[in-house]
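Note that these values count all heavy atoms, side chains included, but never hydrogens, waters or copies made by symmetry.
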Amino acid sequence: MPLDIPGATHLHSGKVRDLYSLEPADDETGEERLLMVASDRISAFDFILTPGIPDKGEILTRMSLWWFDQLADLVPNHVVSTAVPEKVRGRALVVEKLDMFPVECVARGYLTGSGLADYEATGEVCGVPLPPGLVDGSRLPEPIFTPATKAELGEHDENVSFEAVTETIGLESATALKDLTLRIYARAEEIARERGIILADTKLEFGARPDGTIVLGDEVLTPDSSRFWPADSYQPGRAQPSYDKQFVRNWLVSPESGWDRASDEQPPTLPDEIVAKTRERYVQAYEQLTGQAF
């Protein structure tokens, strides 16, 4: 359930974030601002799971802010202020209201997940042909742009081709998003590698200001939107250990959970041990990347 926040009106809830409109700013611009609140909810396979992961919303918010700073010279971001109501302090941001592009901008430097499934079926990912003989975890010859459609809550994001994106938002915008996505991935991959983490892939979201400026929005380079692998145990040809919610996905599809992914039934409650270990991974990713204690 969305929170009752003075001065804020609930607009929308996603799998993890709740969005509120704020009363018009008192500054001269009068521009509409939004309050973006990161909850402790965790989702997998398009289901919101129970219970949540303690402190997850705060970790995601802190990590996004850190990454926005690392990327500031590449692209503007939507953060206006971290001064938020007490009730959501630490896990909410005041952000610009943007005209969001209806596309998930995904960059992949390694082959895994839905990209691997596409490759095994067609030899391509989102229409990008790849060399034969790649396996789970293979590093790609160069990072690729593999966009996806934005799905409604409970629906699957679907990988699409660059051509499909151009049909939706036009060639100029599609080209700009592709270029920005790959430049952000290249910067972030290098930063993460220096800290002993492989950034296998990441999902970004962009919006436009009224003047057409493209702005990085939502969250950025968190364990929810990215695959982070420990560099010291990287080994192609198998599923990699990870600092992200792949740990939860792995438990759900294991015999231990007793859940049938094909059943469309709500997954079981996460055991305390899985919740604790998942929190541990999120904290470790934050601390190893930023060098700051949580």
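Atom CD of Glu142 has 12 or fewer neighbouring heavy atoms from other residues, nucleotides or ligands inside a 6.0 Å radius.
Closest approach of Gly115 to Asn159, counting heavy atoms only: N-ND2, 4.5 Å. Minimum heavy-atom separation, Asp118 to Cys126: OD2-N, 4.5 Å. In this structure, Pro241 and Pro230 approach most closely via the heavy-atom pair O-CD, 3.1 Å. Closest approach of Val37 and Ile5 over heavy atoms only: CG2-CD1, 4.5 Å. For the residue pair Pro131 and Tyr119, the shortest heavy atom distance occurs at O-OH, 2.6 Å. Heavy atoms only, all atoms of each residue included: Val135 and Gly237 are closest at CG2-N, 3.4 Å.
One N or O on the side chain of Gln240 and one on the backbone of Gln235 form a donor-acceptor pair closer than 3.5 Å. Using a distance-only test at 3.5 Å, with no hydrogens or angles considered, a donor-acceptor pair links the side chain of Arg195 to the main chain of Leu289. Side-chain atoms of Lys245 do not come within 3.5 Å of backbone N or O of Pro223 as any donor-acceptor pair. In this structure, Ser161 contributes its side chain and Gly127 its backbone to no donor-acceptor pair below 3.5 Å. At least one donor-acceptor pair closer than 3.5 Å links the side chain of Asp244 to the backbone N or O of Phe228. Counting only distance, with no hydrogens or angles, the side chain of Glu287 and the backbone of Phe294 share a donor-acceptor pair below 3.5 Å. Checking side-chain atoms of Ser64 against main-chain N and O of Val220 turns up a donor-acceptor pair under 3.5 Å. Side-chain atoms of Ser263 never come within 3.5 Å of backbone atoms of Trp259 as a donor-acceptor pair (strictly under, hydrogens ignored). Between the Tyr110 side chain and the Ile198 main chain, no donor and acceptor come within less than 3.5 Å of each other. Between the Ser138 side chain and the Leu111 main chain, no donor and acceptor come within less than 3.5 Å of each other.
Inspection of the Thr222 and Glu219 side chains reveals an N or O donor paired with an N or O acceptor under 3.5 Å. Judged by distance alone, the side chains of Arg249 and Ser242 never bring a donor and an acceptor atom under 3.5 Å apart. Side-chain N/O atoms of Lys97 and Ser21 include no donor and acceptor closer than 3.5 Å.
The only member of His12, His10, Arg41 that meets side chain to side chain donor-acceptor pair (under 3.5 Å) when paired with Asp18 is Arg41.
No salt bridge links Asp224 with Lys15; every basic N to acidic carboxylate O contact stays at or beyond 4.0 Å. Salt bridge annotation for Asp73-Arg187: present, with a cationic side-chain nitrogen under 4.0 angstrom from a carboxylate oxygen. With salt bridges taken as basic N to acidic carboxylate O contacts below 4.0 Å, none links Asp40 and Arg279. In this structure, Arg227 pairs ionically with Asp201, as a charged nitrogen and a carboxylate oxygen lie closer than 4.0 Å. Taking the charged nitrogens against the carboxylate oxygens, Arg33 and Glu96 have no contact shorter than 4.0 Å, which rules out a salt bridge. Between Glu58 and Arg89 there is no salt bridge, since no side-chain N of the basic residue sits under 4.0 Å from a carboxylate O of the acidic one.
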Could you go through Thr61 and Arg91, starting from their C-alpha distance and side-chain angles, then the distance that decides it, and tell me whether this counts as side chain to side chain donor-acceptor pair (under 3.5 Å)? CA-CA 5 Å; Thr61 301; Arg91 58 191 178 95; over 6 Å; no
Give the C-alpha distance, both sets of side-chain angles, the deciding distance and a yes or no for side chain to side chain donor-acceptor pair (under 3.5 Å) between Tyr243 and Gln288. CA-CA 10 Å; Tyr243 294 122; Gln288 194 165 329; 3.3 Å; yes
Take Val79 and Leu65 through the test side chain to side chain contact (heavy atoms under 4.5 Å, CB included) and record every step on the way to the result. CA-CA 8 Å; Val79 178; Leu65 285 168; 4.1 Å; yes
Between Gln292 and Tyr286, is a side chain to side chain donor-acceptor pair (under 3.5 Å) present by the stated rule, with each step listed? CA-CA 8 Å; Gln292 300 165 7; Tyr286 171 79; 2.8 Å; yes
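Hydrophobic side-chain contacts under 4.5 Å tie Leu182 into a cluster, directly or through other members, with Phe145, Phe162, Leu171.
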Side-chain donor-acceptor pairs under 3.5 Å in residues 270-278, sequence neighbours left out?
{"residue": "Glu273", "atom": "OE2", "partner": "Lys277", "partner atom": "NZ", "Å": "3.0"}
{"residue": "Thr278", "atom": "OG1", "partner": "Ile274", "partner atom": "O", "Å": "2.6"}

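Residues satisfying the side chain to side chain donor-acceptor pair (under 3.5 Å) test with Asp4, not counting sequence neighbours, are none.
Ring pair Trp229/Tyr234 is parallel by interplanar angle, where below 30° counts as parallel and above 60° as perpendicular.
Annotation: cation-pi pair Arg281/Phe247 present, NZ/CZ under 6.0 Å from the ring centroid and within 45° of its normal.
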